[in-house]
Number of protein chains: 2
Amino acid sequence: MKHIAESTVRRLSRYLRFLEGEEELGAETISSDDLATLGGTTSAQVRKDLSFFGSFGTRGRGYSVPALARRIREILGLEREWRVVIVGAGRVGAALAQYRGFRERRFNVVAAYDADPARIGTSLNGIVVRDQRTLDADLQALNPGIVLIAVPPEAAQPIVDRVARAGVRGILNFAPTALRVPDGVVVRSVDMALELEILAYALTAAK
Amino acid sequence: MKHIAESTVRRLSRYLRFLEGEEELGAETISSDDLATLGGTTSAQVRKDLSFFGSFGTRGRGYSVPALARRIREILGLEREWRVVIVGAGRVGAALAQYRGFRERRFNVVAAYDADPARIGTSLNGIVVRDQRTLDADLQALNPGIVLIAVPPEAAQPIVDRVARAGVRGILNFAPTALRVPDGVVVRSVDMALELEILAYALTAAK
DNA sequence: CTAATCTTGTGAAATGATTCACAAGCCCCG
DNA sequence: CGGGGCTTGTGAATCATTTCACAAGATTAG
């Protein structure tokens, strides 16, 4: 398939949120214009985004809410459950381990790791923090689709190397550092300080 | 000034990280090519990014590390201190309140708020959680440049309305919901589940 | 001082993303 | 069953971003 822009995927994911909201309210159909209003974009953009994957609407009516929701879930790969392992059980790791938004989307945190003896053995919402030294061996059995990195920046790269070597292909990194990975492994980074800096720029420049 | 793309600002912020690293190592100059390698982009991109703001390099030599770092800090608005207020002292809010990366970049968390009586009065790393009902009055005195939203999604919009009414112009939202704000107020959202979904798509589509 | 070597800064070209605009299809009403 | 009113799907046009390519300035070696 043709390459799809990240901006498109990001919007699809947002459309899905709104569709699920509408679904609960019992809406049967929705127009590209309604979706656009909810998502802060334009109806042409909505239709273009969807058109990359086929045509699911009915002219004159709009889209079937449940059918479109199902189709977007399928496109995004959200019909399956995702097993997620968290490395780093500090405050950020702990918050992630217990984050409600993940469970709701069927991202299941199956284990958490830390290197600090004081944290090993403690429980995060039913998940017992394990010793990071057992990570490599455990990954075989746990077989997670995605690993979340929530360790200090200087510890991140070695963890990523180990995780990639164990065959994990998806990494979501919360450490504020650039990461190198082998081909075939996908990393995304969430850098909270960087987001604040972009905001600072917007506030500073808007004069 | 001409409008600058967000992608450019994001890269500037990353360049700054590398520059600070190089600065500590005692490097005096750096070429666009070195910066590109560190940041995973191209030298032409680096030079183009910088060129929007002036020309700081020396042909044949490269850029002075400390001078460029200073200039980027100035561009991004990081020379000043930013006062930050956090609303929502659950696990995410608590993690943010104590996040080391913010302090390092001179984003100072000056207060945290919550609506839950069980949390009010507890201390997060020296910051005592206050009652959300006093938020509006307190904002006058605190006068934060930025407010972080870390409340449940359904509570976010009312908080944003209150915060915007109090004159705050920058909001960083961690609640997984779209927010409306008046003109002149800048919102950015960090949606952790959405990042996981984009990752899920990348893993699903790459076949 | 000259020549060879670097590396910047920047128009121009190429590529990518969004918006426009409209034909085509579907629904509903009479 | 025909006409009016919606709304999709999609090429074409526009707008934005990245990459290319090279002249010009600076440094270094001889």
Side-chain angles (χ1 to χ4, degrees), chain A residues 1-16 18-19 22 27-72 75 198 201-202 205, chain B residues 1-16 18-19 22 27-72 75 198 201-202 205:
Chain A
M1 158 162 321
K2 199 180 156 297
H3 174 256
I4 301 294
E6 182 188 310
S7 49
T8 294
V9 178
R10 176 167 248 114
R11 282 191 299 266
L12 283 180
S13 177
R14 282 209 287 262
Y15 301 155
L16 180 54
F18 298 126
L19 286 168
E22 293 298 305
E28 305 211 336
T29 63
I30 192 167
S31 69
S32 56
D33 203 50
D34 295 341
L35 260 179
T37 306
L38 291 170
T41 178
T42 66
S43 63
Q45 182 75 80
V46 171
R47 295 198 299 276
K48 185 62 102 182
D49 286 339
L50 296 175
S51 77
F52 293 127
F53 301 93
S55 53
F56 326 120
T58 317
R59 292 165 195 234
R61 293 215 83 203
Y63 302 87
S64 150
V65 170
L68 186 57
R70 200 171 328 115
R71 188 72 183 92
I72 293 182
I75 291 167
I198 297 174
Y201 170 78
Chain B
M1 158 163 320
K2 198 182 157 294
H3 174 256
I4 302 294
E6 182 189 310
S7 50
T8 294
V9 178
R10 177 167 245 114
R11 281 190 301 267
L12 283 180
S13 176
R14 282 209 287 263
Y15 301 155
L16 180 55
F18 299 125
L19 286 168
E22 294 298 304
E28 304 210 336
T29 64
I30 192 165
S31 68
S32 56
D33 202 50
D34 296 341
L35 260 179
T37 305
L38 292 169
T41 177
T42 66
S43 62
Q45 180 77 79
V46 171
R47 294 197 298 278
K48 186 62 101 182
D49 286 339
L50 296 175
S51 78
F52 293 126
F53 302 94
S55 54
F56 325 121
T58 318
R59 291 163 196 235
R61 292 213 83 199
Y63 303 88
S64 151
V65 171
L68 185 56
R70 200 172 327 115
R71 188 71 183 91
I72 293 182
I75 291 166
I198 297 173
Y201 170 78

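A note on names: the letters A, B, ... follow the listed sequences, proteins ahead of strands, and every chain is numbered from 1. The structure presented is a predicted model; accordingly, all values stated were derived computationally and were not measured.
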Heavy atoms of Thr42(B) and Ala36(B) approach each other most closely as C-CB, 3.3 Å
Flag the pair Ile30(A) / Phe18(A) as yes when at least one side-chain heavy-atom distance between them is below 4.5 Å, and no otherwise. no
Between Arg61(A) and Tyr63(B), the residue closer to the 5' end of DNA chain C by nearest nucleotide is Tyr63(B)
Whole angstroms only, please: what is the CG-P distance between Leu12(A) and dT18(C)? 12 Å
From CZ of Arg47(A) over to P of dC20(C), roughly how many Å is that when rounded to an integer? 11 Å
Under 4.5 Å between any side-chain heavy atoms of Leu50(B) and Tyr63(B), yes or no? yes
Tell me which of Ala44(A) and Gly60(A) sits closer to the 5' end of DNA chain C, going by the nucleotide each one is nearest to. Ala44(A)
Please state how far atom CZ in Arg11(A) lies from atom C1' in dT19(C), giving the value in whole angstrom units. 12 Å
Round to the nearest Å and state the distance from Gln45(B) atom CD to dT15(C) atom P. 16 Å
Sidechain-backbone polar pair: Ser13(B) side chain, Val9(B) backbone, donor-acceptor under 3.5 Å: no
Could you give the start and end, 5' to 3', of the contact zone on DNA chain D for chain A, using atoms under 4.0 Å from its heavy atoms? dC6(D) to dA12(D)
Check this one for me: any side-chain N or O of Ser31(B) less than 4.0 Å away from OP1 or OP2 of dT7(C)? no
Could you tell me whether the side chain of Leu68(A) reaches within less than 4.5 Å of the side chain of Tyr15(A), counting heavy atoms only? no
Validation row: Ile198(A), Tyr201(A) side chains within 4.5 angstrom (heavy atoms): no
Quiz question: by atom type and distance under 3.5 Å, do the side chains of Thr29(B) and Arg61(B) form a donor-acceptor pair? no
dA23(C) OP1/OP2 closer than 4.0 Å to side-chain N/O of Arg59(A): no
Using whole Å, report how far NZ of Lys48(A) lies from P of dA17(C). 12 Å
Using a 4.0 Å heavy-atom cut-off, does Thr41(B) contact any base of the nucleic acid, only the sugar-phosphate backbone, or nothing at all? nothing
Using whole Å, what does the distance between atom C1' of nucleotide dT18(C) and atom CD of Glu6(A) come to? 16 Å
Determine: side-chain N/O of Thr8(A) to OP1/OP2 of dA17(C), distance under 4.0 Å, yes or no. no
